[in-house]
Amino acid sequence: MQFEHLPATQILIPLIGAVFILASRKNIVIWATVSLLTLLTFINSILLYKQVSASGIISYAMGGWEPPIGIEYRIDSVNSILIVLVSFMALLVALYARKSIEVEIVAEKRPVFYAMYLLCLTGLLGILATGDAFNAFVFLEISSLSTYVMIAMGKDKRSLIASYQYLIMGTIGATFYVIGIGLIFIMTGSLNLNDISEQINNVSTIRPILASLAFITVGISLKLALFPLHSWLPNAYTYAPSVATAFLASTATKVAVYLLIRYFFDVYGYNIVFEDYWLSMLLIILSIAAMIGASLVAIFQNNIKKMFAYSSIAQMGYITLGVAIANHSGLVGSLVHIINHALIKGTIFMAIGCFVMKLNSTTIEDFAGIGKKMPLTMTAFTIASLSLIGIPGTVGFISKWYIITGAIEKGWWWLVISIALSSLLALVYVGRIIEIAWFQEPKIKENTIRLSHEMIGVTLIASITTLYFGLNTELTVDLAKIAADSLLSGISK
Amino acid sequence: MIEISLLFLPIVIPFIASIIIKALGGNKKLRELTIIVAPLITLLSVIKLYSLDYNIKLVLFEIMPNLEIAFSIEPLGLLFATIISVLWIIASLYSIGYMNAHKEPRQDNFFFFFTIAITIAIASSLADNLFTLFIFYELLTISTYPLVTHKADAESKKSGRIYLTILLGSSLLFFLPALIYTYYLTNDLTFTSGGIFTDAYANGDIGNLGIGLLLALFIFGVAKAAIMPLHSWLPAAMVAPTPVSALLHAVAVVKVGVFTIIKIIIYIFGTDLLFKTGGSEWLIYLSGFTIITASIIALKQDNLKRLLAYSTISQLSYIVIGVAMINPNAIVGSILHLTAHATSKITLFFAAGIIYTSTGFTRISQMYGIGHKMKLTMICFTVGALSMIGIPMFGGFVSKWYIVSGALSVSNWFVISVIIISTLLNTAYFIPIIYKSFSQSSSSVSYKKVPNSMLLATIASACLTIIIFLFPEFFIEVAKNVI
């Protein structure tokens, strides 16, 4: 059975859904519709993945306009797994969302929030699916704009500042990206990524191409919160509604990394990007600065959401590190860590959403004894935390294993030590929460709001997947290996 | 198929027991029944393993190619599993008495984590490869953390933090990179007699210095063996209730540490390779240093449990020094000491727990004259202490004998002098305790009645110490099979 329009429906389902959602005012109806839509998106992504793994790369001409003139959607082994991942996280968070949104967002804004949620999903899926440089920019903006709105809907007034901060930074990033594309377009006359990758070696002078590489790298790095371009992230994650944080932390930055990987390995190609070591070295140094610096900052946070926001910056460091190592093991590590970190941070922020609802507080001291009151949620949180540290048996262990192997293969022992050191720092800040939550007596009274079953259920399911993928690596490592193979196939060219 | 499931039983039984304990919640009678019955069945299932073929292997998960969570049996692991399950029976008896006498809160939680820790210790003894062992090594740290912090006061939380940071930290910093590097070089982590580095060494992928450095990464990564300078977690862990200190921090946890080191030296590096490259020579000096230094620190301790902790640190390094010498006799000595130290130290801890339960004393300077009222306890304590010193009639003598004869046969005078000095030091810190306890009582002390089960358990472990001396053939046989 073949559905030839799968790449298009992948994006159209949430896009069209986002418009129709606004027709209803009842939270439960909207929530059910959004859940259904994300479920459809998820099913669509699985079908798409099956099709790719069965018959190879799918090239879909949007509206029948043939590439390189028209917009091409290009699904291969790399983005098909990420599409599944993003759709899966969107589904989980959507199922989780109902009660959390009821508590955190005022009634008249709820439909807009859900619409933005779907639009953001559309944007992210679009970036993953498209094979067109400018189309990727459009989707980048769709996801960003809807994110600004979602963040601004936070209960705390500071969410407005956070949103504004992100708006400024995000726009600068997007501008850099467009300038980069402009340079590429001038030199190659094409916007189709696949086409560019063929033309790029025939340009008359390489200098504008290198400039475009710099612009695009900086632009995307802003989006993925690479240190030191991360300053928008902590506030955005902290003051956004729980649902938005859980969704963004598990998808948005990962999609940006994907775009970076795509440009580095497919569009420019290994030879241009990594020929001289300067970019690789620069990325490695920034990644390590993120891994160690952001983890250190996380240790001293009092706000739990902020702590894990800094932790996200540190974890993004692992992913960019694997990219910068740029060998097979490093890339596999990165790709697995993208999956891994999506699951972990999704679980953690969903769990935090549950706690915050019960405690009305994000201060870490107030979490004392929460383990006794909400054992299931805290168990999910603990499992995800262990995976964050990289304890064996969890998926976090697998990704670290590969990134370390990548570093060893290059003979960079100092890198191995930095990775291990950063894991230790993760142990410290995660340990602090676990100790307070499980071993202290409760200090403040929780409120009477009852958590819904689906909130706890979804959080638990997400945490169990981190264990599952830690033991059964077929779906993660094997797929990541195929993806890494295809990304690195350009080296010999 | 049946044989494979037999292999799994010693891990499954305690695991099920732990779930039952948790599920029973406050039902004390049934819980205590489970706590007594589970170790017995576990021991039976371990004994059953002796009849199995060494080639049987149970693969639970294959995580990466050639990297699996798998179990199999080999002589040393079997011996270790046997020690754990025998001492578990005794410790269960003891801990029921202890927990009731102290009316400890949250007993169901306590016994749940206790049993989980045992499950993990047994699983690590049956590990088929270093990767599996590493996983259970880490899990053991995590599962014993709630036991260390059981009291939930400020001090135990502080100790818990030290415990977790040093044990998890060292393993993530050193053990894991060493593990990955080994896998990178050999593409294999299975415990193989003769080691797995033969090819890599022959191809020149790793040289003499590399072997030494890699071993160092492993040794410092296994902080559970409490080799200095990574020993401070052990005295800190003494805030836990006495049964935990006895079974976990004298037997299960620390022994998993030295067990891992023995496994790494014999089955990963291989004795031949280490002998050829001299990669383990530095370890002799480091563990020698640990033996002496820990004994000197023990000499200055007034808190009995802390003294026992430092004595443990020193005794663990005996085991390490024996394998580091790479001499058949010394290795036999190490493996014997693994057993002898377990029974002797658990006796000492049990006795300390009885003293604490009966009188509330924790400091040696309080213990004048207690031997008159607590004759049996102090006799058991003496048995344990004499075994630690290495006096004939007690288990510790046999193992020291083998280690010394190993050192003599290679004329390693450093080791011989370390053992002589440490024997003197052991005498110097144990004998005064015994002497004080049988001297005149300085003040009137009220003695509370101690549950019989505690006394019984202490006597049983003291008897085991003597049995090891009387019938060492079994252990020597096992040890010889290993090399």
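A note on names: the letters A, B, ... follow the listed sequences, proteins ahead of strands, and every chain is numbered from 1.
- Of the inter-residue distances, the one linking B:Phe113 atom CZ with B:Ile142 atom CD1 reads 11.0 Å to the nearest 0.5 angstrom.
- Only the side chain of B:Leu176 comes within less than 4.5 Å of a heavy atom of chain A; its backbone N, CA, C and O stay farther away.
- Counting heavy atoms from C-beta on, the side chains of B:Leu273 and B:Thr198 never come closer than 4.5 Å.
- Taking the side chain as every heavy atom from C-beta outward, A:Ile325 and A:Leu415 approach each other to under 4.5 Å.
- Only the side chain of A:Ile391 comes within less than 4.5 Å of a heavy atom of chain B; its backbone N, CA, C and O stay farther away.
- Contact annotation for A:Ile419: neither backbone nor side-chain heavy atoms come within less than 4.5 Å of a heavy atom of chain B.
- Taking chain B as the reference chain and counting heavy-atom pairs below 4.5 Å, the highest number among A:Val416, A:Ile404, A:Val477 is found for A:Ile404.
- Counting heavy atoms from C-beta on, the side chains of B:Leu217 and B:Phe175 never come closer than 4.5 Å.
- Between A:Phe469 and A:Phe397, the distance from one ring center to the other does not fall under 6.0 angstrom.
- Below 30°, between 30° and 60°, or above 60°: for A:Phe308 and A:Phe381 the angle between ring planes is above 60°, a perpendicular geometry.
- Both the backbone and the side chain of A:Leu471 come within contact range of chain B, with heavy atoms under 4.5 Å apart.
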Cross-interface N/O pairs, chain B with chain A, donor-acceptor, under 3.5 angstrom:
from     : atom 1 : to       : atom 2 : distance (Å)
B:Ile63  : O      : A:Thr473 : OG1    : 2.3
B:Arg161 : NE     : A:Glu435 : OE1    : 3.1
B:Arg161 : NH2    : A:Glu435 : OE2    : 2.9

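- With a 4.5 angstrom heavy-atom cutoff, B:Leu60 does not touch chain A via any of its atoms.
- For B:Phe111, there are no ring pair (Phe, Tyr, Trp, His ring centres under 6.0 Å) partners, not counting sequence neighbours.
- With ring centers used as reference points, B:Phe269 lies under 6.0 Å from B:Phe197.
- With a threshold of 4.5 angstrom between heavy atoms, B:Phe131 approaches chain A through side-chain atoms but not through N, CA, C or O.
- Both the sub-6.0 Å distance and the 45° axial angle are satisfied by B:Lys263 relative to the ring of B:Phe191.
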